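Below: one structure, written as structure tokens.
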2 protein chains.
Amino acid sequence: MPVSLPPLSAIRAFEAASRHLSFTKAGEELGMTQAAISYQIRLLEDRLGYAVFIRKTRRIELTENGRQLSGRVIEAFATLRTAFEEVGEKNAGQLVVSSNTTFAVNWLANRLVHFQMQNPDIAVRILPYGPGASPEFDSADIVVSACKRPPKDWISNEIVKADFSPMLSPALAASIGGVTSPEDILRLPMVDPQDPWWGIWFRAAGFGDVDLSGRPNSRMGSQALEANRAIAGQGVAILTPYFCKTALETGQLQQPFDLTARIEEESWYLSYPPTKRNNRKVRLFRDWVFAELKRDGMPVPAPAPETAA
Amino acid sequence: MPVSLPPLSAIRAFEAASRHLSFTKAGEELGMTQAAISYQIRLLEDRLGYAVFIRKTRRIELTENGRQLSGRVIEAFATLRTAFEEVGEKNAGQLVVSSNTTFAVNWLANRLVHFQMQNPDIAVRILPYGPGASPEFDSADIVVSACKRPPKDWISNEIVKADFSPMLSPALAASIGGVTSPEDILRLPMVDPQDPWWGIWFRAAGFGDVDLSGRPNSRMGSQALEANRAIAGQGVAILTPYFCKTALETGQLQQPFDLTARIEEESWYLSYPPTKRNNRKVRLFRDWVFAELKRDGMPVPAPAPETAA
DNA sequence: CATGACACATAAGGGAATTTTATGCATGCC
DNA sequence: GGCATGCATAAAATTCCCTTATGTGTCATG
């Protein structure tokens, strides 16, 4: 049970006044009037039962007691200031993004350098989390997640709808003389036949119950892996076209059907705690993500309105 | 221009909460509700732009940032607490009395031991100041002064009226066959013929202008010295009977005439700054002085009323 | 598995603590 | 001597907190 201190505002006034040896200057530093400092010092002396300043004409001096306090109090405030400053700086200069692996590998990886060039003062740390793991809501500034919902008070924007469609390597397609009908796919190996996306896509394509016994969806988090296996010709994967853009453009993969399916509400979300809605680095990153999406022609959510700091 | 800190009340709440890892306990320690702590922490996090606590169910944890702050903040508050505590204790246990020499030597000297026995926890320091010097209004807790008035806002009590009357040693009186009329005094050497008190006393005794060219009054501060010279038979001194009580009782001095004179407003005053009116040691000392005076049959002023701390 | 207890969050409202404004006062300086 | 400077003070206005009351999610328990 620590000793109770005099009012902190009085201590702060004393700290400043004892540094400047002037109530007026202390008031300026603290953004208040000379009268307020005078009041606070009076309060402090009243509370302590002894004077800390001797009022001379047009200047003040510390009393013996005041002198003894002054040093320690200044020291304590210096400790506080450096503590908050250091943590604040560390915090302002470092942006921690917890992203699910798909988004990190298929989207962030080859664009991040642009953000970093635009904002050389911000050190970005990407923490990818794989399927089965959870985003690091506690330690991240921003989270890009798919299935895992952020704490409900977080500000959350849907950034990419989880459309999906079968993808395969041209070589694999050629091996059966080309893929022209959904049924062709069934003649090829699948990278992950248990993925529930298959069933949904086939239904959307007009094929009722294709038997692909369900398994917890994990494609949201590991498309990079599936994509590589598909590129390597190991099978047909069911992937989100937007995330395969490069592979599709370079011909490493092909998407035989324009038809995409989706599970409503299964999307990638960018989210952050409301505390950080006015945080510079968070705003910069969020806006950059939105701008990139827009360049890609993706629908972009309106960012939540800002509030005065 | 130091960095501006978050609101200090929020920092204090954080300090307590981070020690207890509980808002409820922190609230108890600080004498406020759990809701208030919650509010303050929220405020702090809002201001800082990052969280300092992770809210788990029925308990809280420090975030990385919070942990980094916590240590320093606790340290800073400990510094403040020990600083105020130490100075406070030093201050509570030590009573500095700046007293004019007459009062110190002729009154305090042989009584102080009683006060010290009654209050063994208080260390009394008497700072006597001689004629010509000033009381140490700045560093003393209590001042006993005569001519020097305390700063006008001080609480000041008249304790001894400066009555005066001629005093001499019995031997000196016998040397002229006894002193029975004021005129007899003029036949003897005076310890300080320039003292204005002489003229006033002689006038009061019915003798008009006795020629004793004036000189600044200094008897208020050095009666001890004059008294010793009178006791040694060097001359007649004009002294305050109350302060010669012992010498008169033991026959070292005699006061030939009951007549005393006084200059209105010339008195000894006990005074202290209003800041200290409820200060324990100051009250104890003041009350002890008043009690001693009362025992001597002196009129005692009513102490100023106390105010709630 | 329902219930209660516990710990923190949140909203509304009131009130006290601070601040400001507007002076006064003493004194040092030109 | 007149003015500027720096602190004190009183009254008035705000702002900031804190409390009360209630909600939410979990854990523990019978």
Side-chain angles (χ1 to χ4, degrees), chain A residues 4-47 51-63 66 137-138 149-154 273-275 307-308, chain B residues 4-14 16-47 51-63 66 137-138 149 151-154 273-275 308-309:
Chain A
S4 82
L5 287 171
L8 292 173
S9 46
I11 302 182
R12 174 174 47 195
F14 170 70
E15 193 263 348
S18 76
R19 262 188 294 109
H20 294 297
L21 286 180
S22 155
F23 289 0
T24 308
K25 297 241 186 63
E28 278 162 18
E29 175 183 314
L30 298 180
M32 44 205 240
T33 59
Q34 161 270 127
I37 304 292
S38 180
Y39 170 89
Q40 292 290 348
I41 300 293
R42 153 86 34 127
L43 204 68
L44 181 69
E45 294 180 326
D46 246 38
R47 166 67 171 273
V52 293
F53 285 114
I54 303 167
R55 277 71 165 177
K56 306 256 177 173
T57 305
R58 301 186 53 162
R59 87 202 155 81
I60 51 174
E61 272 177 23
L62 285 163
T63 60
F137 290 118
D138 289 339
R149 306 309 312 261
K152 66 178 171 338
D153 61 330
W154 281 35
T275 334
T307 308
Chain B
S4 81
L5 287 170
L8 291 174
S9 46
I11 301 182
R12 174 175 46 196
F14 170 68
S18 76
R19 261 186 296 110
H20 294 296
L21 287 180
S22 154
F23 290 179
T24 307
K25 295 242 187 65
E28 277 162 20
E29 175 183 314
L30 297 179
M32 43 205 241
T33 58
Q34 161 270 127
I37 304 291
S38 179
Y39 170 88
Q40 292 291 347
I41 300 294
R42 153 84 36 126
L43 205 68
L44 182 70
E45 293 180 326
D46 245 39
R47 165 67 171 272
V52 292
F53 285 114
I54 302 167
R55 277 72 165 176
K56 307 257 175 168
T57 304
R58 302 186 55 159
R59 84 201 155 84
I60 51 176
E61 271 177 24
L62 285 163
T63 61
F137 290 116
D138 290 339
R149 306 308 310 264
K152 65 178 172 336
D153 62 328
W154 280 34
T275 334

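For clarity, every value in this text was computed on a predicted model and none was experimentally measured. Chain letters run A, B, ... following the sequence lines, proteins first, then strands; residues in each count from 1.
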Strictly below 4.0 Å: does [X] bring a side-chain N or O up to OP1 or OP2 of [N]?
{"X": "Ser38(B)", "N": "dC8(C)", "result": "no"}
{"X": "Gln40(B)", "N": "dC17(D)", "result": "no"}
{"X": "Gln34(B)", "N": "dT19(D)", "result": "no"}
{"X": "Arg59(B)", "N": "dT26(D)", "result": "no"}
{"X": "Thr24(B)", "N": "dC6(C)", "result": "no"}
{"X": "Thr33(A)", "N": "dT19(C)", "result": "no"}

For the side chain of Gln40(B) and the backbone of Ala13(B), is there at least one donor-acceptor N/O pair under 3.5 Å apart? no
Exam field: side chain Glu28(A) to backbone Gln34(A), donor-acceptor pair closer than 3.5 Å: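 Looks like no, no N/O pair under 3.5 Å.
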To the nearest 0.5 Å, what is the distance between [atom1] ([X]) and [atom2] ([Y])?
{"X": "Ile37(A)", "Y": "Arg12(A)", "atom1": "CD1", "atom2": "CZ", "answer": "8.5 Å"}
{"X": "Leu5(A)", "Y": "Leu30(B)", "atom1": "CG", "atom2": "CG", "answer": "10.0 Å"}
{"X": "Phe53(B)", "Y": "Leu62(B)", "atom1": "CZ", "atom2": "CG", "answer": "5.0 Å"}
{"X": "Asp46(B)", "Y": "Ile41(B)", "atom1": "CG", "atom2": "CD1", "answer": "12.0 Å"}
{"X": "Thr33(A)", "Y": "Tyr39(A)", "atom1": "OG1", "atom2": "OH", "answer": "12.0 Å"}

Tell me, for nucleotides 11-16 of chain C in 5' to 3' order, what letter each nucleotide earns: B for a base near a protein heavy atom under 4.0 Å, S for only sugar-phosphate near one, - for neither? ------
Whole angstrom is fine here: how far is it from [atom1] in [X] over to [atom2] in [N]?
{"X": "Tyr39(A)", "N": "dT20(C)", "atom1": "OH", "atom2": "C1'", "answer": "13 Å"}
{"X": "Leu8(B)", "N": "dA17(C)", "atom1": "CG", "atom2": "C1'", "answer": "15 Å"}
{"X": "Leu30(A)", "N": "dT19(C)", "atom1": "CG", "atom2": "P", "answer": "9 Å"}
{"X": "Arg12(A)", "N": "dT18(C)", "atom1": "CZ", "atom2": "C1'", "answer": "11 Å"}
{"X": "Phe53(A)", "N": "dA8(D)", "atom1": "CZ", "atom2": "C1'", "answer": "15 Å"}
{"X": "Ile54(B)", "N": "dC8(C)", "atom1": "CD1", "atom2": "C1'", "answer": "15 Å"}
{"X": "Glu61(B)", "N": "dC8(C)", "atom1": "CD", "atom2": "C1'", "answer": "14 Å"}
{"X": "Met32(B)", "N": "dC16(D)", "atom1": "CE", "atom2": "P", "answer": "16 Å"}

Closest approach to the side chain of [X], judged atom by atom: which nucleotide of [options] is it?
{"X": "Arg55(B)", "options": "dC7(D), dC18(D), dC8(C)", "answer": "dC8(C)"}
{"X": "Ile60(B)", "options": "dT19(C), dC7(D), dC8(C)", "answer": "dC8(C)"}
{"X": "Ala36(B)", "options": "dA9(C), dT21(C), dT19(D)", "answer": "dT19(D)"}
{"X": "Thr57(A)", "options": "dT27(C), dC7(D), dT19(D)", "answer": "dT27(C)"}

Once you apply a heavy-atom cut-off of 4.0 Å, does [X] come out as touching a base, just sugar-phosphate, or nothing?
{"X": "Gly27(B)", "value": "nothing"}
{"X": "Phe23(B)", "value": "sugar-phosphate"}
{"X": "Ile37(A)", "value": "nothing"}

Is any side-chain N of the basic residue among Arg19(B) and Glu29(B) closer than 4.0 Å to the acidic one's carboxylate O?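 A salt bridge is present here (some side-chain N lies under 4.0 Å from a carboxylate O).
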Would you sort out whether Glu61(B) and Arg59(B) count as a salt bridge (charged side-chain N to carboxylate O under 4.0 Å, His left out), showing the intermediate values? CA-CA 7 Å; Glu61(B) 271 177 24; Arg59(B) 84 201 155 84; 3.1 Å; yes
For Ile60(B) and Ser22(B), which heavy atoms make the closest approach, and how far apart are they?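 Residues Ile60(B) and Ser22(B), closest heavy atoms: CD1-N, 3.6 Å.
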For Leu44(B) and Pro6(B), work out which heavy atoms get closest and say how close.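 So the two residues come closest at CD1-CB, 3.6 Å.
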N/O contacts under 3.5 Å, protein versus nucleotides 3-5 of chain D?
| unit_1 | atom_1 | unit_2 | atom_2 | d |
| --- | --- | --- | --- | --- |
| dT5(D) | O4' | Arg58(A) | NH2 | 2.8 |
| dT5(D) | O3' | Arg58(A) | NH2 | 3.2 |
| dT5(D) | O2 | Arg58(A) | NE | 3.4 |

